[in-house]
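What follows is one structure encoded as structure tokens, with my remarks underneath.
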Amino acid sequence: MDFLPFTRPDIDEETIAAVADVLRSGWLTTGPKCRELEAALSLRAGGRPVRLASSATACLEFALRVAGVQPGDEVITTSLSWVATANVILAVGARPVFVDVDPATRLIDLEQVTAAISGRTRAIIPVDLAGFPVDRDRLYALAGCHGLRVIEDAAQSQGAHWNGKELGSIGDLVAFSFHPNKNMTTGEGGCLVMNSEQEAVYFEKLRLQGVTRHADGTYDCDVLGGKANLTDIAAAIGLGQLKRLDQAKQRRRELARHYFSRLAGLPLDLPPADFTNSNWHMFQVLIPADLAARRGELIRLMREAGIAVGVHYPAIHTTSLYREHGLSDAKLPHTEAVAARILTLPLFPAMQDTDIDRVASSLSAALASLKAAESRA
Ligand SMILES: *Cc1c(COP(=O)(O)O)cnc(C)c1O
């Protein structure tokens, strides 16, 4: 049987041909394809300005700068995310303040956000883990009430909705990722949705050396920008992927439904069964707490059965860098419990229903074998 990865990008022949056209065109770096992709993304975002960069990490860091977050400021976020979410806060000299997750949704607990607000709090970075959106009504009511900026880490939730509106078309600053594991890819890349042309112009400076070009061929540099522009090669991939984003989401939803029916009898905590908002970026289960210490063994058993499963994510505050920053003593019992038990199962649009059956039966056997080992111990 073929090895089943936990995700796999799906690039069609039309997109491969479009990339070849860019390679033959003589213009490889940021150019017409990037502008075309920005326009297409802006259309989906209800006409709001959208700019591309070489990663969502760069977009999140620039978003903090656009939001005016300064060294010494505090930014409230979740520890149950890819480290990029908090790394960007350190990168701008601000302090991440981690609050716990709601164990049912695995998302930042907005009640705890309110409790964590101090005089130094400038912004909140919520994360739509697995593509399941944080409650935007409560989030923006809270942010509005306390005068905080919101930088949505929507790296995983492109094409997801809130109250019938696509993410990006509502809210403050919204960052999407086009990493190959995400629901659409540009190889590597990301974009930021902003509120005004003024913010977009600042973002353009940050992504390319702080330079503004003049019509006479000269330029000025008035901001310490970086080097994070996207290539037209990457944008051509993104244009092909964007056309298929909705169709891919439909297929992910069908596969997720199939998981719910096949996993119902197993001793697992399943994700929220949301078929209106989530884009089903990942299908994540929690294994029983008494088997958490054996998760590595479970991953090995699944691998032997030809199936890749993943851990998304170890809690950020427990990693060495965050320990060195004195952030590891945050009281985050739900985050730590979920991080210890979470397991990402394979989910990508090219999967067959029979692949889900195979994951479910292998997982059932692996859990039984772990349970037996645990009772012997
Ligand atoms: C992937 C991801 C990022 C970073 O995206 P890149 O494009 O790889 O920089 C940030 N946050 C979350 C939650 C992610 O899943």
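Counting starts at 1 for both ligands and their atoms, in listed order. Side chains are part of it too, since the values below use all heavy atoms of this structure and drop only hydrogens, waters and symmetry mates.
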Report summary line: shortest atom 1 (C) of ligand 1-to-protein heavy-atom contact is with Lys182 NZ, 1.5 Å

Query raised in the report: Taking the six-membered ring for Trp, are Phe283 and Phe260 ring centroids under 6.0 Å apart?
Result: yes

Query raised in the report: Parallel under 30°, tilted from 30 to 60°, perpendicular over 60°: which one fits the rings of Tyr313 and Trp82?
Result: tilted

Requested in this report: Give the numbers and elements of all ligand 1 atoms closer than 4.0 Å to a heavy atom of Tyr313.
Outcome: 15 (O)

Query raised in the report: Do the ring centers of Phe132 and Trp280 come within less than 6.0 Å of each other?
Result: no

**Report entry** Criterion side-chain hydrogen bond (donor to acceptor under 3.5 Å, both in side chains) against Arg136, the qualifying member of Asn277, Asp128, Asn163
**Finding:** Asp128

Query - Contact atoms of ligand 1, heavy-atom distance to Ala155 under 4.0 Å - result: 2 (C), 3 (C), 10 (C), 11 (N), 12 (C), 14 (C), 15 (O)

Requested in this report: Step through the shown structure and confirm whether more than 12 heavy atoms of other residues, nucleotides or ligands are within 6.0 Å of CD on Glu374.
Outcome: yes

Query raised in the report: Does Pro271 reach the side chain of Arg106, with side-chain heavy atoms less than 4.5 Å apart?
Result: yes

Query raised in the report: Are Phe6 and His312 close enough that their ring centres sit under 6.0 Å apart?
Result: yes

Query - Thr85: numbered ligand 1 atoms lying under 4.0 Å from its heavy atoms - result: 11 (N)

Query raised in the report: Under 4.5 Å between any side-chain heavy atoms of Arg341 and Asp269, yes or no?
Result: yes

Report summary line: min-distance protein heavy atom vs atom 7 (O) of ligand 1 -> Ser177 OG, 2.7 Å

Query raised in the report: Based purely on interatomic distance, does Gln156 place a nitrogen or oxygen under 3.5 Å from a nitrogen or oxygen of ligand 1?
Result: yes

Requested in this report: Please determine if Ala84 has a nitrogen or oxygen closer than 3.5 Å to a nitrogen or oxygen of ligand 1.
Outcome: no

Report task. Measure Thr57 to ligand 1 on non-hydrogen atoms and call it side chain, backbone, both or neither using the 4.0 Å cut-off. Result -> both

Query - Close-contact set for ligand 1 against Ser81 heavy atoms, below 4.0 Å - result: 13 (C)

Query raised in the report: For ligand 1, which atoms sit closer than 4.0 Å to a heavy atom of Gly189?
Result: 7 (O)

Report task. Just need the protein heavy atom nearest to atom 3 (C) of ligand 1, so name the residue and atom and give the distance. Result -> Trp82 CD1, 3.5 Å

Query - Nearest neighbour of atom 10 (C) of ligand 1 from the list Val127, Asn181, Asp153, Leu80, on a heavy-atom basis - result: Asp153

